[in-house]
Amino acid sequence: MTATTTMMALRAHARGGPEQLVYESAPVPGPGPGEALVAVHAAAITFAELTWDLTWTTKDGRDRTPVIPSHEVSGTVAGLGPGAGGLAAGDEVYGLIEFDRDGAAAQYVTLPAAHLAARPRSVSHVEAATLPLAALTAWQALTDYAALEPGERVLVQGGAGGVGSYAVQLAAVLGGTVTATGRAGDRDFVRGLGARDYLTAGTDDYRAAAPQGFDVVIDTVGGAVLDASYELTRRDGRLVTLSAPPSAERAAALGVHAMFFVVTPDAAALTRLAALVDEGRLRPVVSQAFPLREGRQAFESATTPHPPGKTVLTVR
Ligand SMILES: NC(=O)c1ccc[n+]([C@@H]2O[C@H](COP(=O)([O-])OP(=O)(O)OC[C@H]3O[C@@H](n4cnc5c(N)ncnc54)[C@H](OP(=O)(O)O)[C@@H]3O)[C@@H](O)[C@H]2O)c1
């Protein structure tokens, strides 16, 4: 267990956007029963996380500011709480931190030991940190919700994004024939991830690409893109939305199975994803890396052009 009682962290003391984030000293959290204390090497951010209610409250709605963002971590086990099994100090691990607790934009974070898995060893901590939220979301969307079958046609809306770049790769790994959408400049990159076809947002006629509709549509964009996604899904096909719940009425009118879910920790799936990385079948996609003290700029970069993939905070 670390003897240090304070650490540097990125925190917000009031609900808001990146302007609320300050780099400051904070108490090192103590691992509770069943929890591990992880020395953070790298933590990835999700641009939208400051808009999620659970970033700011407990599950029953109580304010929990000051909060620490960033819910995917790669690091080293630094201590274990009572009854935390299966891990030892020094183990290199990665994991998804639930949204109603402090995240990993800090030198240390605690989370249930059962939510951690051995990190992929063929890549850096920075690359590993891009997986536990984004790749797990893509995995659960394709397997647990869409139940993708080999040979099915999959459309990934937003194929260059944090989740989208993994949805493209994992849909291909699972045997799907993948079409992705996104900005014109990301075409070659996304095709390199395994998309057979790429449709440019605002230019291409998506409907012409699949007149009968796609078997599975994963929408990571929302808004007008989600509105258009119902008709791109074939009758009896599956539409998985990630930014907001779908319209049950529109889905029913078109005979589409539309669903929304929130990713949940799953160490067994993370072990599977780590194996795919170490086998060279899943490539971590790092958009940009910022030192922890520049965490506010990392969140602000959402609104300026940036390379595809996940934005990461480097901690040690
Ligand atoms: N339900 C869950 O469990 C869960 C988990 C993770 C994330 N999410 C949600 O999923 C969404 C995506 O998250 P993310 O981290 O992947 O975000 P992201 O990295 O910002 O990815 C979104 C991607 O969509 C692209 N895009 C924007 N407009 C588009 C359009 N009209 N057509 C096609 N592509 C377009 C973006 O391009 P530019 O960057 O060039 O704009 C970006 O590449 C967010 O709403 C997030 O809250 C949900």
Side-chain angles (χ1 to χ4, degrees), residues 17-18 43-55 69-72 96-100 103 129-146 155-170 178-191 193 195 197-207 209 217-229 232 239-246 258-266 269 284-288 298-313:
I45 67 172
T46 301
F47 291 132
E49 68 184 86
L50 300 181
T51 68
W52 301 339
D53 285 343
L54 279 183
T55 295
S70 185
H71 290 269
E72 43 198 338
L96 166 66
I97 302 149
E98 287 174 297
F99 302 115
D100 62 335
T130 67
L131 297 155
L133 191 160
L136 194 55
T137 301
W139 180 259
Q140 290 178 355
L142 290 163
T143 60
D144 298 345
Y145 291 88
L155 176 67
V156 178
Q157 299 272 32
V163 177
S165 57
Y166 292 124
V168 167
Q169 295 187 74
L170 291 169
V178 186
T179 299
T181 69
R183 314 278 184 205
D186 292 326
R187 169 184 295 273
D188 291 346
F189 177 81
V190 175
R191 292 202 58 184
L193 296 177
D197 298 310
Y198 189 83
L199 300 167
T200 302
T203 307
D204 288 329
D205 178 358
Y206 293 4
R207 187 74 215 173
V217 176
I218 309 291
D219 173 41
T220 77
V221 182
V225 172
L226 170 56
D227 286 344
S229 292
L232 294 170
L239 166 63
V240 184
T241 71
L242 296 178
S243 61
M259 53 209 123
F260 169 81
F261 75 101
V262 174
V263 61
T264 50
D266 182 345
V285 184
V286 178
S287 171
Q288 37 187 0
F299 275 92
E300 287 169 344
S301 75
T303 55
T304 53
H306 49 267
K310 291 287 294 186
T311 293
V312 183
L313 304 175

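No hydrogens, no waters, no symmetry mates; every other heavy atom, side chains included, goes into these values. In listed order, ligands and their atoms are each counted from 1.
- Proximity to Phe261 (heavy-atom distance under 4.0 Å) selects the following atoms of ligand 1: 1 (N), 2 (C), 3 (O).
- Between Val225 and ligand 1, not a single N/O pair is under 3.5 Å apart.
- Using 4.0 Å as the threshold, Lys310 has no heavy atom nearer than that to any atom of ligand 1.
- Nearest protein heavy-atom contact of atom 15 (O) of ligand 1 is Thr46 CG2, 3.6 Å.
- Residue-ligand proximity, Leu133 to ligand 1, at heavy-atom distances under 4.0 Å covers atoms 5 (C), 6 (C).
- In this structure, the protein non-hydrogen atom closest to atom 12 (C) of ligand 1 is Thr220 O, 3.1 Å.
- For atom 21 (O) of ligand 1, the closest heavy atom belonging to the protein is Gly161 CA, 3.2 Å.
- Residue Gly162 holds the heavy atom nearest to atom 19 (O) of ligand 1 of all those in Pro245, Gly162, Gly159.
- For the residue pair Thr179 / Tyr206, no side-chain donor-acceptor distance below 3.5 Å is found, with atom types taken as modelled.
- Interface atoms of ligand 1 facing Gly158, defined by a heavy-atom separation under 4.0 Å, are 24 (O), 33 (C), 34 (N).
- Inclusion of Val263 in the set of residues having an N or O under 3.5 Å from an N or O of ligand 1 is warranted.
- Counting the atoms of ligand 1 from 1 in the order shown, those under 4.0 Å from a heavy atom of His306 are 39 (O).
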Subject >> Worked verdict on Thr130 versus Tyr166 for side chain to side chain donor-acceptor pair (under 3.5 Å) >> reply: CA-CA 10 Å; Thr130 67; Tyr166 292 124; 2.5 Å; yes
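- The shortest N or O to N or O distance between Gly164 and ligand 1 is not below 3.5 Å.
- Atoms of ligand 1 lying under 4.0 Å from any heavy atom of Gly182, numbered from 1 in the order shown and given with element: 33 (C), 34 (N).
- Closest heavy-atom approach to atom 48 (C) of ligand 1 among the candidates Val262, Leu242, Thr241: Leu242.
- Looking at Thr137 next to ligand 1, no N or O pair under 3.5 Å apart turns up.
- Under the 4.0 angstrom criterion, atom 23 (C) of ligand 1 counts as having a protein heavy-atom contact.
- Val221 CG2, 3.7 Å is the protein heavy atom nearest to atom 35 (C) of ligand 1.
- Taking atom 37 (O) of ligand 1 as the reference point, the nearest protein heavy-atom neighbour is Arg183 NE, 3.6 Å.
- In terms of protein heavy-atom proximity, atom 13 (O) of ligand 1 is nearest to Val163 CG2, 4.2 Å.
- Considering only non-hydrogen protein atoms, atom 45 (O) of ligand 1 sits nearest to Ser243 CB, 3.2 Å.
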